[in-house]
Amino acid sequence: MIERKPKLPDALYVHIPFCTKRCHYCAFTSFEQPELIDRYLKALEAEFQSLFPTPQAVASIYLGGGTPTLLSAAQLESLGSILAKFTKQKTNCEFTVEANPETVTEERFTVLKEIGVNRLSLGVQSFNPQLLKKLGRKHTLTEIYRAVELANKLRINNFSLDLMLGLPAQTVQDVISSLQEAVRLNPMHLSCYLLKVEAETPFARALANDNLELPTESEELASFKVMQTLTEYGLKQYELSNFARPGYKSKHNLTYWLNNEYYGLGCGAHGYVAGVRYANTTSLMNYLERPTVRAEEKQVSQAEQMENFMIMGLRLLEGVSFNRFYELYNRKLQEVFGRELQKLAAQKLLKITGDKAHLTSHGLLLSNEVFVEFVGCLI
């Protein structure tokens, strides 16, 4: 009997943790020290070398941050050289870069296209200038339009816009206006994320002091329902917060939602390889000095894998596959989660259609109540 080698991940996330200024809601690993970017790229190359002694074939690359487009054109070229040295892009590889509108220039976009970027994720957040100020964003509406104009000019046609809901003093009309303006720019993909007030952020401190006016639960629900009208404009919802035109779902993010493994490199990055979830240090100086040392590593048990399969997979509107569950874990989904499925179906939060268990329209609105049923239920 021939022993099968475990399949290596083909999704790659690279974290670029530099910003000109941290936004009021941001809890991501980021630093206002652009003078350290060149040192960071050398450390990143060392981590690549340790992880990929031979070039690794990848189907998706995602440069996130931070603000990857804070790097100069020359620094982006250096990053492209590192990626070319240690990876081989598979046919139709999706190569995404996150960009903040105020950092967009034709020179940067030209270099990004030259190194293989074919998808842009533009951090718009809102088309309301007052809300942008409350968020601590630096860009203007003019800079949003210019970024989209440059993307179209350079034929980076696959671009996604990020918007935020549940913002301080945001009304349902604000949401409607932002969605209409976003649609007018004709993106291939749209992400609409609900604000989560993270610990140790300016928003968290303001909330603790009763200085943050957030929408009510009913207003958030109304905004979520407004989001679902995007289907009328050809942007079909395929995940709780994500909408795409046909053929333009985010391949990279599907890796996470399908609970597949992936590489994560850079300060503060997380990865999931060979059944082990790992995290890199969130200290920039520690990363610069020891980029190959993991801060955390944890073997994921089969019970945790199955729970994650449900929690992440049910975020997708198509739901989770009974056949795929059996192929991965050699267990029948009904036998493992029969009680939870029965309970959620009785509450009309979940429905079984053929090979799939998926959220109902009511379940979409109460998704957190669904997910909590699978948290720690097998441990």
Side-chain angles (χ1 to χ4, degrees), residues 8-20 29-31 33-100 103-122 147 150-151 153-156 158-159 251-252 255 262-271 273 280-281 284-294:
L8 293 173
D10 62 5
L12 169 66
Y13 175 83
V14 181
H15 193 64
I16 308 297
F18 296 97
C19 286
T20 52
T29 301
S30 65
F31 308 95
Q33 297 170 278
E35 69 277 6
L36 294 177
I37 291 175
D38 288 332
R39 281 185 63 188
Y40 184 79
L41 292 176
K42 290 180 181 178
L44 192 61
E45 183 169 11
E47 187 183 6
F48 264 101
Q49 178 68 64
S50 69
L51 197 59
F52 302 145
T54 58
Q56 172 66 29
V58 291
S60 71
I61 301 172
Y62 196 104
L63 303 182
T67 309
T69 47
L70 186 61
L71 274 61
S72 68
Q75 289 166 336
L76 289 171
E77 285 180 349
S78 296
L79 178 56
S81 296
I82 294 169
L83 291 168
K85 182 177 179 180
F86 295 104
T87 66
K88 294 184 295 184
Q89 294 186 29
K90 292 183 178 180
T91 304
N92 297 323
C93 175
E94 178 190 84
F95 190 164
T96 304
V97 64
E98 290 183 346
N100 282 347
T103 62
V104 167
T105 65
E106 185 166 357
E107 185 181 22
R108 285 184 173 119
F109 267 17
T110 299
V111 172
L112 287 171
K113 188 166 184 181
E114 287 173 352
I115 68 174
V117 169
N118 53 29
R119 184 173 184 273
L120 176 69
S121 179
L122 194 63
L150 280 174
K153 177 181 177 180
L154 296 173
R155 297 186 180 179
I156 306 177
N158 184 5
F159 71 90
K251 292 180 183 178
H252 185 85
T255 298
Y262 58 95
Y263 296 104
L265 289 90
C267 180
H270 293 74
V273 180
N280 284 348
T281 178
L284 180 56
M285 295 314 298
N286 284 350
Y287 182 79
L288 294 178
E289 293 168 5
R290 298 193 300 168
T292 63
V293 178
R294 304 285 187 222

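Note that this is a predicted model, so its numbers are computed, not measured.
Under 3.5 Å, the side chains of E94 and Y62 contain no donor-acceptor pair of N or O atoms.
The two atoms that bring C267 and F31 nearest to each other are SG-CE1, 3.9 Å, heavy atoms only. L76 approaches P68 most closely through the heavy-atom pair CD2-O, 3.8 Å. For the pair T69 and A99, the tightest heavy-atom approach, listed with the atom from each and the gap, is OG1-CA, 3.4 Å. Heavy atoms only, all atoms of each residue included: Q56 and L8 are closest at OE1-CD1, 3.6 Å. Taking every heavy atom of both residues into account, C93 and N118 meet most closely at O-ND2, 2.9 Å. The two residues G268 and T29 make their nearest non-hydrogen contact at CA-OG1, 3.8 Å.
We find the CD1-CZ distance between I156 and R119 to be 12.5 Å, quoted to the nearest 0.5 Å. Rounding to the nearest 0.5 Å places NE2 of H15 at 12.0 Å from CG of L265. Taken to the nearest 0.5 Å, the CD1 atom of I82 stands 12.5 Å off from the CD atom of E77. The structure places SG of C19 at 12.0 Å from CD of Q33, a figure rounded to the nearest 0.5 Å. Here Y13 contributes atom OH and I61 contributes atom CD1; the two are 13.5 Å apart, rounded to the nearest 0.5 Å.
For E98 (side chain) and G65 (main-chain N/O), a donor-acceptor pair under 3.5 Å exists by modelled atom type. Without hydrogens or angle criteria, Y40 side chain to L284 main chain gives no donor-acceptor distance under 3.5 Å. Between the side chain of K153 and the backbone N or O of E106 there is no donor-acceptor pair closer than 3.5 Å. Panel note: side chain D10, backbone A57; no donor-acceptor pair is recorded below 3.5 Å.
Partners of Q75 under the side chain to side chain contact (heavy atoms under 4.5 Å, CB included) rule, at least two apart in sequence or in another chain, are I37, D38, L41, L71, S72.
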Applying side chain to side chain contact (heavy atoms under 4.5 Å, CB included) to L122 and F159, what does each step give before you reach the verdict?
CA-CA 7 Å; L122 194 63; F159 71 90; 5.6 Å; no
Can you check side chain to side chain contact (heavy atoms under 4.5 Å, CB included) on F95 and L83, steps first, answer last?
CA-CA 11 Å; F95 190 164; L83 291 168; 3.6 Å; yes
Going through the distances and angles, do L79 and L44 end up as a side chain to side chain contact (heavy atoms under 4.5 Å, CB included)?
CA-CA 9 Å; L79 178 56; L44 192 61; 3.8 Å; yes
Apply side chain to side chain contact (heavy atoms under 4.5 Å, CB included) to N286 and V293, showing your working.
CA-CA 9 Å; N286 284 350; V293 178; over 6 Å; no
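Annotation: side chain of F109 is in contact with side chain of L120 (closest heavy-atom distance under 4.5 Å). In this structure, the side chains of P17 and Y287 stay at 4.5 Å or more apart for every pair of heavy atoms. Between T67 and T20 there is no side-chain heavy-atom pair separated by less than 4.5 Å.
More than 12 non-hydrogen atoms from other residues, nucleotides or ligands lie less than 6.0 angstrom from NZ of K90.
Aromatic rings of Y263 and F52 (six-membered ring for Trp) have centroids within the 6.0 Å cut-off, being under it.
The side-chain hydrogen bond (donor to acceptor under 3.5 Å, both in side chains) analysis of residues 107-117, with sequence neighbours excluded, yields no pairs.
E47 pairs with exactly one of K42, R294, R290 by the salt bridge (Lys or Arg N to Asp or Glu O under 4.0 Å) rule, that one being R294.
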